[in-house]
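The block underneath contains the structure these notes are about, expressed in structure tokens.
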Amino acid sequence: MSKEKKLVESITSRSENFSQWYTDVVRNAELAAYSSVRGCMIVRPLGTAIWENCQKDLDRRFKETGHVNVLMPMFIPEGLLQKEKDHVEGFAPEVAWVTHGGEEKLQERLCVRPTSETLFCDHYAQIIQSWRDLPKLYNQWVSVVRWEKTTRPFLRTTEFFWQEGHTAHATAEEAIEETHRMLNVYADFLEETLAIPVIKGQKTDKEKFAGAEETYTVEAMMHDGKALQSGTSHFFGDGFARAFNIQYSDKNNELQYVWQTSWGMSTRIIGAMIMVHSDDSGLVLPPHVAPTQVMIVPIAQHKEGVLDKANELKDALKEVVRVDIDDSDRMPGWKFSEHEMRGVPLRLEIGPRDIKNNQVVAVRRDTGEKTILSIDDLTETIPALLETIQQSLYDAAAARLSERIYDATEWAEFTQLIAEKPGFVRAMWCGDLACEEQIKDETSATSRCLPFEQEQLSDTCICCGKPAKHMVIWGKAY
RNA sequence: CGAGGUGUAGCGCAGUUGGUAGCGCGCCUGUUUUGGGAACAGGAUGUCGCAGGUUCAAGUCCUGUCACCUCGACCA
């Protein structure tokens, strides 16, 4: 009726225009706002609270795997940036430069960090001397700047917030192990906390990080079938160590270069979370990351005892979940829509009728399902219900992912799948850059990764027909 | 960076042949309301994106410029 009409007016239907729907959710849920700086967003309180929960969770996982946090400068002298050739070539087009301090022109211009490999390397060269100094397991939580041509809130912004881990190891094996360990940390975080199923794999040479020997990735599928690279972990070999002269004396008193890694995850995952779970009523937050997990909406709150009872519920529940109460003078219906828009996983309605019956009405954000719960054991039923919601969001996303991965063994089949079926296509590849580029030119799909779980779908490359080396997941990507 | 679109109140928009700046929602005050975006009464809010130009007069016409959106290109 008029309510539905209004909601449709404020949020474009997801099936009608996915991009507009995404923008509408970000704006209506008050996750972020546009700023007066091109391509830079203001992360509003809800978006910030979600990011803080991501940070808390990830930081705990980093600490559990032995890492410590540091803070590096935001500027990189031009000379330092240029020490590693592939790296600087990769980032040069999107670097912002500081040329003046006050009115004075700088002797050497400073780049606003697009990533901090060079700063960490410069520092590691100073502090690593002996095998006893290894490994170095550093991480930092900062923002970086990349002068992107097209920006979208969370998905690609000029400045974005992230963490970047940078480690130095005595052996290649140890560094490779670290690379995989952190990729698994990302995968676990995405699956357990954001309820986003991922595919783990390796990037092709074309898609790997500038300066990396190998790049590993966790790829997620959005609701429209497009891929979003959600976290990456890089093995650098000793390339940076040689460029920056990071050497240590081993147990035999021989000089050795260190072996390095880096890994990062950014505010982009908030975009992933939106595009995986949210719907036409707005944001849907997985309970594990939701700043408010339960919103209590009192009904007829002016009536004797209603607010008291609602506050009593809140006090009891706050021991076990993140709960809030909306006692503003809005109409209940308005509050329902508002908290749905903002993604609160569970709403509890309590009014005179419920109080009389010693019950509350619980409404799930993900399914809209209403259940009546006894007030007596809410501290057990509510956390359990939140776990159910978390699991069910994951299951639904996992089902969409597996339903929309197709296999192709013939070129015609491949191009048709890419063109007509939103999702990923698995196909064999010879390993040549030429084929990868041809596939991109002709289908606009890129190689997302060489999944760790390989299968021999056929013996020949989907593109050129030469003997196949790898199974690749192809898809259109953000 | 290319093509297209949009800039007028917090948000969404209208504004005719150039002639006093408008509407809806929201906001503020009060009263009544409250189980899916309440009703009534009263009230506040504008460098019309910005800079030039034409004109007695510009939101409206001209030139330039900036920003944002969509689709491409580019991109770890």
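As a basis for the values below, the full set of heavy atoms in this structure was taken, side chains included, without hydrogen atoms, waters or symmetry mates. Letters A, B, ... are given to chains in the order of the sequence lines, protein chains preceding strands, and every chain is numbered from 1.
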Requiring both pairing distances under 3.5 angstrom, list the stems that contain RNA chain B and are made of three or more consecutive Watson-Crick or G-U pairs. B:1-7 with B:66-72, B:10-13 with B:22-25, B:27-32 with B:38-43, B:49-53 with B:61-65
Testing A:W162, A:Y138, A:F62 for ring pair (Phe, Tyr, Trp, His ring centres under 6.0 Å) with A:W263, which one passes? A:F62
Across the strands shown, which category fits A:H302 at heavy-atom distances under 4.0 angstrom: base, sugar-phosphate, nothing? base
For A:E207, answer base if it contacts any base atom (sugar-phosphate contacts may also be present), sugar-phosphate if it contacts only those atoms, and nothing otherwise; contact means non-hydrogen atoms under 4.0 Å. sugar-phosphate
Whole Å only: how far is the CG atom of A:D326 from the C1' atom of B:G35? 15 Å
Nearest to the side chain of A:A300, which nucleotide is it out of B:G36, B:C75, B:U34? B:U34
Give the rounded distance in Å between these two atoms: CG of A:L228 and P of B:C75. 17 Å
Proximity to the side chain of A:W334 - top-ranked nucleotide from B:G35, B:G37, B:C75: B:G37
Mind calculating the distance between CD (A:E94) and P (B:C1) to the nearest angstrom? 14 Å
At less than 3.5 Å, do the side-chain atoms of A:R27 and the base atoms of B:C11 form a donor-acceptor pair? no
Got a sec, which residues hit side-chain hydrogen bond (donor to acceptor under 3.5 Å, both in side chains) with A:Q293, two or more places apart in sequence or on another chain? none
Give the rounded distance in Å between these two atoms: CZ of A:R342 and P of B:G36. 22 Å
Base, sugar-phosphate, or nothing: which does A:K440 touch, judged by heavy atoms less than 4.0 Å apart? sugar-phosphate
Answer with base, sugar-phosphate or nothing: what part of the nucleic acid does A:F160 contact at a heavy-atom distance below 4.0 Å? base
NA contact type, A:P352, heavy-atom cut-off 4.0 Å: base, sugar-phosphate, or nothing? base
May I ask you to verify whether the side chain of A:E340 and the base of B:G37 hold a donor-acceptor pair under 3.5 Å? no
Sugar-phosphate atoms are those with a prime plus P, OP1 and OP2; base atoms are the rest. Using that split, label each nucleotide of nucleotides 67-72 of chain B B, S or - for protein heavy atoms under 4.0 Å, 5' to 3'. -SSSSB
Under 4.0 Å, heavy atoms only, any strand: does A:V361 hit a base, just the sugar-phosphate, or nothing? base
Distance, rounded to the nearest Å, where A:Y478 contributes OH and B:C75 contributes P: 19 Å
